[in-house]
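To keep things clear, I will list the structure first and then write my remarks on it.
Bear in mind the structure is a predicted one, so any value in this text is a computation, not a measurement. Start at 1 and go down the list; that is how both ligands and their atoms are numbered.
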Amino acid sequence: MEIIILKDAECVADMGGELVAELLRVSPASVLGLATGGTQLALYRKLVDKHRSGGVSFRQATTFNLDEYLGVTTDNPQSYRAYMQRELFDHVDIDPDRTFLPTCAAGQNPVLVGPDYEKKITAAGGIDLQVLGIGVNGHIGFNEPSSSLNSRTRVKTLTRQTVEDNSRLFDTGEFQPRLAVTMGIATIMDARRILMLATGANKAAAVARMVEGPVTSMCPASILQMHERVTVLLDEAAAESLQNRDYYDWTHQQNESLKARFGRSHDV
Ligand code: PGA
């Protein structure tokens, strides 16, 4: 894992946005795996700004989101489809027919959504770069603790903690889903590159378990230790429980000087 610790959440979004934009500049027809949640809002703002200033085009890109609620229609502002339209898709030049979420249409059997989504990802050639956030409980996508490390896209029940963490986004009395369709852990691990963003002190414990703890289904993000190409962007607060902090900073400095000498080509 490449662990990069930056001053604050703004710098995390800056560097994350630059990594995504750089990939699209080098390979405009890339397949991006996208995430929702509070952390990614700043990343999408950066990408929209870059698009507006001519710094990035999504015209040939394809996107697959990690997850979508079950029982919330896409016209509901709480749906992840609505989030993606609002935060990114409506503001960039992406072809709407190439933006995918694991949405279960009304009347559709939710059990069939996962295998169908997997087929679409495969048909698109697999995911080049998967953007991830991490839950306070160590989840990635909606793969909650105890999810099989070999899981594929399927229906998952959210933990009470995740429901609680997300309740701030729902009005009192509003229906809040307990179920979602999420890419599985093995689906995420198939991505050729992974970009994890985590900010804020409430993520520090989960980040430490992900990076320095044992690989265990009780912290699904810890499986990323087994992926050969993961970049983790953290702000100071999210990095505060890391024991090996000095080494990550030192490594980052070495990588930067390698890049300065040999260019960034190995990095995109
Ligand atoms: P957050 O969610 O960015 O809203 O904290 C991250 C996650 O649960 O994966």
Side-chain angles (χ1 to χ4, degrees), residues 6 8-17 20 32-47 63-70 72 77-84 86-88 101-102 127 129-147 151 153 156-170 176-185 187-189 191 194-211 217-224 227 230-241:
L6 300 157
D8 54 27
E10 185 71 15
C11 297
V12 168
D14 264 334
M15 187 175 280
V20 174
L32 301 176
L34 298 178
T36 49
T39 312
Q40 312 303 340
L41 290 171
L43 173 74
Y44 296 138
R45 269 199 295 274
K46 298 285 174 196
L47 288 171
T63 64
F64 287 92
N65 265 77
L66 280 171
D67 43 22
E68 177 60 285
Y69 288 126
L70 257 183
V72 173
Q78 301 289 5
S79 70
Y80 285 167
R81 164 58 75 179
Y83 171 110
M84 289 309 303
R86 193 168 58 235
E87 305 301 335
L88 183 68
L101 285 89
I127 292 171
L129 176 72
Q130 176 67 56
V131 176
L132 291 178
I134 185 170
V136 170
N137 63 5
H139 75 200
I140 45 176
F142 276 130
N143 295 286
E144 302 286 28
S146 79
S147 288
S151 50
T153 308
K156 275 299 286 182
T157 303
L158 311 188
T159 60
R160 290 179 204 279
Q161 182 181 355
T162 298
V163 172
E164 173 71 30
D165 288 346
N166 290 353
S167 64
R168 69 187 193 281
L169 304 168
F170 291 81
Q176 190 184 346
R178 266 75 174 147
L179 297 173
V181 178
T182 181
M183 274 189 205
I185 295 178
T187 320
I188 293 170
M189 290 293 282
I194 289 179
L195 174 63
M196 155 73 71
L197 274 58
T199 57
N202 66 329
K203 298 292 172 66
V207 164
R209 290 176 70 207
M210 165 177 75
V211 177
S217 66
M218 290 310 286
C219 177
S222 64
I223 192 68
L224 299 180
H227 194 285
V230 182
T231 301
V232 181
L233 303 183
L234 304 172
D235 68 353
E236 287 287 346
E240 73 188 6
S241 299

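Taking the side chain as every heavy atom from C-beta outward, L88 and T63 never approach each other to under 4.5 Å. Side-chain contact check for L70 versus P177: every heavy-atom pair is 4.5 Å or farther apart.
Qualifying ring-ring contact (aromatic ring centres under 6.0 Å, His included) partners for F64, counting only residues two or more places apart in sequence or in other chains: F100, Y117. Residues meeting the side-chain contact (heavy atoms from CB on, under 4.5 Å) test with N202, sequence neighbours left out: V136. Listed by chain and number, the residues in a side-chain contact (heavy atoms from CB on, under 4.5 Å) with T39 are L197, T199, K203 (sequence neighbours excluded).
Protein residues having at least one heavy atom under 4.0 Å from any atom of ligand 1 are G37, G38, T39, G133, I134, G135, H139, R168, K203, listed by chain and number.
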Practice task
Decide side-chain contact (heavy atoms from CB on, under 4.5 Å) for L224 and L132; before the verdict, give the C-alpha distance in whole Å, the side-chain angles of both, and the deciding distance to 0.1 Å.
Solution key: CA-CA 11 Å; L224 299 180; L132 291 178; 3.9 Å; yes

